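Hydrogens, waters and symmetry mates play no part in the numbers below; they use all other heavy atoms, side chains included. Just so it is clear, the model here is predicted, and its values are computed rather than measured.
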Amino acid sequence: MDVRQFLLDAPETCFVTCYDLSLHIKDGSVHHLEDYNEISEVADITTGDCFLEMVPALYDDRSIRAHVHRTRELLSLSTLHSSLSTSLALQHEIGKSVKADVPELENLGFVEDVSGSVSSLLSAPSKEIKCVESIVFSSFNPPPSYRRLFGDLIFLDVVTLEGNKYCITGTTKTFYVNSSTTTVLDPRPNKTGSEATTLIGLLQKISSRFKKAFREILERKASAHPFENVPSILPPNSWLGSYPIPDHKRDAARAENVLTLSFGSELIGMQRDWNEELQSCREFPHANPQERILRDRALYKVSSDFVDAAISGAIGVINRCIPPINPTDPECFHMYVHNNIFFSFAVDADLEQLSRKQVADPKVEGTGLLRNLSEKTTTNNLPQGVSEVSNGNEHVGSVVEAANINLDCPPEVSGETQLTESEQATYASANNDLKGTKAYQEADVHGLYNLAMAIIDYRGHRVVAQSVLPGILQGDKSDSLLYGSVDNGKKICWSDEFHSKVLEAAKRLHLKEHTVLDGSGNEFKLAAPVECKGIVGSDDRHYLLDLMRVTPRDANYTGPGSRFCILRPELITAFCQAEVAERSKSKCELEGEAPVASDCTSVNNTEEFPTNDVVAPTEVNGNEGEKSVKDAANNCCFHSGRKDTDDILFNPNVFTDFKLAGSEEEIVADQELVKKVSLYLKDAVLPKFVQDLCTLEVSPMDGQTLTEALHAHGINLRYLGTVAEGTRNLPHLWDLCSNEILVRCAKHILKDLLRDAEDHDLANTISHFYNCLFGNMQTVSNKGGANSSRNQKKDHIGNQQKSSKGQGKRKNVGSAKKKQSSYLSITSDSLWSDIQEFSKLKYQFELPEDAKVLVKKIPVVRNLCQKVGVTVAARKYDLDSAAPFQASDIMNLQPVVKHSIPVSSEAKDLVETGKAQLAEGLLSEAYTLFSEAFTILQQVTGPMHREVANCCRYLAMVLYHAGDMAGAIMQQHKELIINERCLGLDHPDTAHSYGNMALFYHGLNQTELALRHMSRALLLLGLSSGPDHPDVAATFINVAMMYQDIGKMDTALRYLQEALKKNERLLGEEHIQTAVCYHALAIAFNCMGAFKLSHQHEKKTYDILAKQLGEEDSRTRDSQNWMKTFKMRELQMNAQKQKGQSLNVASAQKAYDILKAHPSLLHAFQAAAGGTGIGGMNQSLSSAALGDGLPRGRGVDERAARAAAEVRKKAAARGLLVRPSGVPASTLPPLTQLLNVINSGTTPDAANPSGTNEEKKEANSNSSNGSGDAQADLSKAGEQDQTPVGLGAGLGALDTKKQKSKVKAAS
């Protein structure tokens, strides 16, 4: 297969699709190779003199169509995704843009005007090279029977660029031009007699212009970066579409493809049996690394293909193109099987029925009533008696039940809140089921299987797609349920064999074996949630389904409607590690006793810590506890089955309606443990996270990165309100959190509207909603004033329930009238009050008064579009007008997908180890580890994957430290391309890739190219976070350093001043980042010879550091040394002036000229921190937005590598480096590095202050000299302690703490 893949990419053979491979060995024998053969198994080729031959194979119906498809693909450039970075570099080489003058970054203006920059995000699509007018299937198809007997398979009509029309016959062996000219088939070869084994070969013979154009296409593809040609699996949705809208041209080939592919399944050939493929890949051997790579690769491939097919199928289901398998049931319970994938809606219970029942009998608990309803409907009407089990298991079981169980709200709760809660619940249960499935997949217990699963949100519906459980659709399997419960615990099944497998998985997932009672009071020992279902498929494999509660309930949320509030697996891991750490501390007191969790000292050790020995759960002895303490050292990753946290096990069924058996104190102990971990989340994790946000240790840029950061820390999004409250004092974080809450609330309301919208109304619905949210829409269509609109909305919610929740279509005429105005009945006021209610209900968060003003920002539009899958035209929007959007701006509505595609865990571990080595400064070891991870991932996922990008980033970093700039740029360029393709053009990571690229180019002295990349990075940061974010300020400092290095001091000062303003406004005047700005300014003035100003600014730096870190901190001392140096230089300068040899008049003069020319600068610097505070405040509120902060250890921003190694050792001694989560600090943020480069040029040699003159003259040349000198200087600085290492490196030690942030989130 690898050879075939290579031949498919090679320009000489890329158009040959149908061939066999023969291996010729030097003894003359020939071996035929099968697709999946390892060449080494066939023959030994290490001796040399062997060659492979491509032998043309015979075409058949399927392969000849594939051949035509491949040919069309090759003739188009649409598969080439060129990155802006590549074209910038090419332009630079060709010398198009070589100006003596480096362009200023559009005068800083565009960062403030983000809405204008929307249009510049998308680059113009590459111009197509035309090879042939058209290639279409001829209307002579299919070949008549008498021609089939001669091997004719297909007829094609081709029009060449010369304007000649040909009819081509494709046979089992060749393609040739036949003699048909009129409407009658003449199958004889025409006079020229051209024929060839491939279509492209034939076209090259009959058209000279084709030959020339095809060569151009191959050259264009060859000149691109190889990664730009690779197709990416599941590319991200783009929220911007090209504007003006490109012309839609006729394309017969495109039309044919749409007709021949139906919702993800090919018409020819068998449908794939997803379940069989997936489970047999799981059964691959995985004893050694090579086998593991093969297994991981197979799993990745099958899972990706499954998700791809599931998306197409789900769109077909939602667009009503696929008929249900239970058409007689109510619409919301319809289930679908298409392409061997099972689809069901995440439905909500029928609200009207609910409210009627509650009126009749206020005490009815929603649970029972609705579950029975779901049981009845789903069981009785399934075809061929899909039995009760199938229904409990029926993959939707989870969802239907979920919907229904959750309605245990008090009767007086209004319909509207219940609606939102029940909808939340089903959404949550589907999410939790996916998380559970993922957890069991990762636990990877031999003999225990899960179904492939994906969740697709499209047009307001949520569809759950799963592979079909073998045998479930073929008649009665009522005996196949062996474990768990279909009817919510009334009857529980149990089997010994199943239990042992589930127990094995439970140990890896920190779940406790415990006893529960069924409805009749019988006891069962389970090691999983009660409502999970263990089923034996017709393939005799053991499947575990409905894993909605693989982690325990969140004890902080126990009210009605919070049944699906469970804790995150990341939290459980962190908690276990924290517990172990605590125990090892207290080990000395506990010698010989099993350590019992502090809250429940009365409990005897048996319940709290069952042994690993299943047979005799009572024989716990003291050394169990000791053992765990001894092993605390091997703090390896979650699933590697480590012993130290093995005895912290949670009972997943506490705080639920299920009856627990076992002694009273055991139950209490289980509850206490769950309470303890919930408190740990509330009292330890949340405050720590908020603190990390405030110190910029974790610094998200937009909604997506905020979500990832929360999840990486084990925090559920329902705590977003709490996080927001904690960040009130920092405008950019407050905006980020409150806007995220707002967008999430708006998303639910928009989905509700979309579920109702008729197909022809979608664009109008979305644009109207956007106008209500961002503009000011007060009018209500046709009748009813603004005040009645709320009531209409309520009616409409009630009514819509019945019809729309499943799919809400096919209405009768009466309701059609109502529907017509459903979206029009919304006004800005009604929408905003709904959003505010929703945010109180779901996030316990009062949206700020000015939320409506805050929201008028491009990053918020971007966030909402991404969450709902909307694409808007990339034009400039005036968000302050009453109706900024028109229906014609809505260009697409795409599905948003959640899936559990596995990635190699081995590579992840290698990367983690590599990061630890890098932090220690062991470059060659780190390089080896990262390269190894890169190789594994390349083989498992191919290059287009986030994890591969991660590896490239770290490789670039290592090379950069080792001083190999060109190598670093190569790796960084790879990361950039992958991020653009896998995460999106404007993802914060892509912005950081551009920033790092710029630093490297700068290191190679290609400052102009560097600034162009910086300009792109700023554009992207503006789109994702808005202009008010510390990262933007940090980027400004980097830009300033670049200008400084090419001697454009005035521009550099403007950027530094801007950065200072931003940091003071966003972080406060006493934040360490503000000190960094002052220090950068001091250095800049030093370069200009304005030593007095340098000294003043350094004094400010020193004051802030002394206040924040104390006098003793190395960074504060560095700053003090700098102050002395500047003072010294100032005195020397004055002395020399008096002697009449005015030192370096030119540079000093320049500084004064600049300051004269810009009196504003002078004021700014004199006031230094002075007046920016208040004035900047409002603006910052309106525009600060979502952030991923202080250069969160992104990329290579490490100028100070060598010195940093020294600094790190000291820091490690002070305990700064290793995070409690065990993620080592990986990098230093860019601004400090840039400072270091400059410092390295200008750091005075304290031992020999008289050297300062030459030093200062060299400052400019030296700092722009690339990082070679800089690093040499720095490492010297590190060795001689009396030299101030420069604030940059000193701050580095501080910033090393900041690194963990993205590391996890990215994975």
- List for me each residue that meets side chain to side chain donor-acceptor pair (under 3.5 Å) alongside Gln938, sequence neighbours excluded, and say none if there are none. none
- Can you see which heavy atom on Cys865 is nearest to which on Trp239, and at what distance? CB-CB, 3.7 Å
- All heavy atoms of Val940 vs all of Tyr300, minimum pair found to be O-CD2, 3.5 Å
- Message: What I'd like to find out is whether the side chain of Thr160 reaches to under 4.5 Å of the side chain of Arg209, using heavy atoms alone.
- Response: no
- Message: Any heavy-atom pair between the side chains of Ile233 and Met944 that's under 4.5 Å?
- Response: no
- Min side-chain heavy-atom separation Leu75-Ile135 under 4.5 Å: yes
- Message: Ser303: which residues meet the side-chain contact (heavy atoms from CB on, under 4.5 Å) condition with it, sequence neighbours left out?
- Response: Leu278, Ile901, Pro902
- Message: I need the minimum non-hydrogen distance between Asn237 and Pro895, along with the two atoms involved.
- Response: ND2-O, 2.9 Å
- Message: Checking Tyr176 now: which residues fulfil ring-ring contact (aromatic ring centres under 6.0 Å, His included) with it, not counting sequence neighbours?
- Response: none
- What closest approach, in Å, do Thr990 and Leu985 show between heavy atoms, and which atom pair accounts for it? CG2-O, 3.5 Å
- One should read off an interatomic distance between Thr174 OG1 and Leu58 CG, to the nearest 0.5 angstrom, of 10.5 Å
- List the steps, then state whether side-chain contact (heavy atoms from CB on, under 4.5 Å) holds for Arg462 with Lys898. CA-CA 11 Å; Arg462 171 162 279 192; Lys898 295 184 171 173; 3.8 Å; yes
- Message: Given 3.5 Å as the limit, does a donor-acceptor pair link the side chain of Asp296 with the main chain of Ile293, or not?
- Response: no
- Just grab all the ring pair (Phe, Tyr, Trp, His ring centres under 6.0 Å) pairs involving residues 139-166, residues at least two apart or on different chains. none
- Item | Within 45° cone of Phe306 ring axis and under 6.0 Å: Arg272 NZ or CZ | no
- Message: For Tyr19 and Leu7: C-alpha separation, side-chain torsions, deciding distance, then whether side-chain contact (heavy atoms from CB on, under 4.5 Å) applies.
- Response: CA-CA 11 Å; Tyr19 58 89; Leu7 293 172; 3.5 Å; yes
- Item | Which atom of Phe343 lies closest to which atom of Ala314, heavy atoms considered | CE2-N, 3.5 Å
- Taking Ser179 for its side chain and Arg188 for its backbone only, find out whether a donor-acceptor pair lies under 3.5 Å. yes
- Which class fits the ring pair Phe214 and Phe210: parallel under 30°, tilted 30 to 60°, perpendicular over 60°? parallel
- Task: Return each pair, listed once, that meets salt bridge (charged side-chain N to carboxylate O under 4.0 Å, His left out) where at least one residue sits in residues 151-164; pairs must be two or more places apart or across chains.
- Result: Arg147-Asp152
- Quick one: does Asn141's side chain have a donor or acceptor within less than 3.5 Å of a partner on Ile154's backbone? no
- Task: Apply side-chain contact (heavy atoms from CB on, under 4.5 Å) to Ser63 and list each qualifying residue two or more places apart in sequence or on a separate chain.
- Result: Cys18, Tyr59, Asp60
- Message: Once rounded to the nearest 0.5 Å, what's the spacing between atom SG of Cys14 and atom CG of Leu218?
- Response: 5.0 Å
- Provide the closest heavy-atom pair for Asp759 versus Arg459 in the form atom of the first, atom of the second, distance. OD1-NH2, 2.7 Å
- Task: Return the set of residues passing ring-ring contact (aromatic ring centres under 6.0 Å, His included) with His225 (not counting sequence neighbours), or none when no residue passes.
- Result: Phe227, His973
- Measure the shortest side-chain to side-chain distance between Thr192 and Ile206 over non-hydrogen atoms and say whether it is less than 4.5 angstrom. no
- Does the Asn979 side chain pair with the main chain of Ala949, one donor and one acceptor, at a distance under 3.5 Å? no
- Message: Determine whether a donor-acceptor pair (N or O, by modelled atom type, separation under 3.5 Å) exists between the side chain of Thr71 and the backbone of His67.
- Response: yes
- Item | Donor-acceptor contact below 3.5 Å, side chain Ser344 vs main chain Met335 | no
- Message: Whether the side chain of Arg875 engages the backbone of Pro244 through a donor-acceptor N/O pair (distance < 3.5 Å, no angle test) should be reported.
- Response: no
- Query: Can you find a heavy atom in the side chain of Val158 that is under 4.5 Å from one in the side chain of Val132?
  - Reply: yes
- Item | Separation of His945 NE2 from Leu937 CG (nearest 0.5 Å) | 8.0 Å
- Message: With heavy-atom distances below 4.5 Å as the criterion, would you say the side chains of Trp274 and Leu451 are in contact?
- Response: no
- Can you name the side-chain contact (heavy atoms from CB on, under 4.5 Å) partners of Ile129, sequence neighbours left out? Leu77, Ala213, Glu216, Ile217, Arg220
- Message: For Arg72, is there an ion pair with Asp251 - N to carboxylate O distance below 4.0 angstrom?
- Response: no
- Would you say the side chain of Val337 lies within less than 4.5 Å of the side chain of Phe342, judging by non-hydrogen atoms? yes
- Pair Ile890-Val870, side-chain contact (heavy atoms from CB on, under 4.5 Å): steps then yes or no: CA-CA 7 Å; Ile890 310 298; Val870 175; 4.2 Å; yes
- Please name all residues satisfying side-chain contact (heavy atoms from CB on, under 4.5 Å) with Ala298, sequence neighbours left out, ordered by chain then number. Cys281, Phe284
- Message: To the nearest 0.5 Å, what is the distance between CZ on Arg62 and CG on Leu153?
- Response: 14.5 Å
- Do any N or O atoms from the side chain of Asn178 and from the backbone of Ser180 form a donor-acceptor pair under 3.5 angstrom? yes
- Task: Hey, could you give me the NE2/CD1 distance between His899 and Ile456, rounded to the nearest 0.5 Å?
- Result: 10.0 Å
- Query: Can you tell if the side chain of Phe345 reaches within under 4.5 Å of the side chain of Ile318, non-hydrogen atoms only?
  - Reply: yes
- Show the numbers, then the answer: is there a side-chain contact (heavy atoms from CB on, under 4.5 Å) between Phe175 and Thr169? CA-CA 6 Å; Phe175 289 87; Thr169 304; over 6 Å; no
- Query: Which value, rounded to the nearest 0.5 Å, describes the distance between Ser22 atom OG and Leu52 atom CG?
  - Reply: 8.5 Å
- Query: Taking atom types as modelled, is there a side-chain donor on Ser85 or Ser83 under 3.5 Å from an acceptor on the other?
  - Reply: no
- Item | Side-chain donor-acceptor pair present, Ser467, Asn275, cut-off under 3.5 Å | yes
- Query: Got a sec, which residues hit side chain to side chain donor-acceptor pair (under 3.5 Å) with Lys867, two or more places apart in sequence or on another chain?
  - Reply: Glu740, Asn863
Just list the side-chain donor-acceptor pairs under 3.5 Å for residues 197-205, sequence neighbours left out, or say none.
residue	atom	partner	partner atom	Å
Thr198	OG1	Gly201	N	3.0
Lys205	NZ	Glu195	O	2.6

- Where the side chain of Arg148 meets the backbone of Pro142, is there a donor-acceptor pair that is under 3.5 Å apart? no
- Query: Excluding sequence neighbours, so at least two apart, what forms ring-ring contact (aromatic ring centres under 6.0 Å, His included) with His31?
  - Reply: none
- Item | Lys301 bridged to Asp305 by N-O distance under 4.0 Å | yes
